[in-house]
Amino acid sequence: MNRFKGTPAPWVIDGWSMTGINSESKHVALVNYSHHGLPNDVYGCEHNANAHLIASAPELLEVLIEIRKLVAYHDKADLVIAKALGEIK
């Protein structure tokens, strides 16, 4: 199984804007925050939950890979890991 080639953990949420996801030295992602009253706007608790999930992604992947080593056969885990590593779309 390949290794994650992205920015190493930890990723943290920018404390000022709550929209930026940063590593120790790099800006990793920007979480959309939109509050124009449209049905597809993301804001408030939903926005914060998305930011926390994205910030925890490298650690989640690392733990999933470790857990996967303990399980003899699990197609779904293998597919999700491959997707996270960019091996499949």
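The figures that follow rest on heavy atoms only: side chains count, while hydrogens, waters and symmetry mates do not.
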Which heavy atom in P8 sits nearest to a heavy atom in S23, and how many Å separate them?
O-CB, 4.0 Å

Between R68 and A77, what is the shortest heavy-atom contact and its length?
CD-CB, 3.9 Å

Could you tell me if the side chain of L85 sits less than 4.5 Å from the side chain of L61, heavy atoms only?
yes

Could you go through the side-chain contact (heavy atoms from CB on, under 4.5 Å) check for L60 and L53 one step at a time?
CA-CA 9 Å; L60 288 170; L53 179 62; 3.9 Å; yes

With a 4.5 Å heavy-atom cut-off, do I81 and E87 have their side chains touching?
no

Main-chain N/O of A29 paired with H27 side-chain donor or acceptor, under 3.5 Å
yes

Before you tell me yes or no, could you show the steps for I21 and V31 under side-chain contact (heavy atoms from CB on, under 4.5 Å), namely the whole-Å CA-CA distance, both residues' side-chain angles and the distance that decides it to 0.1 Å?
CA-CA 8 Å; I21 307 295; V31 181; 3.9 Å; yes

Smallest separation among heavy atoms of I13 and A55, with atom names:
CG1-CB, 3.9 Å

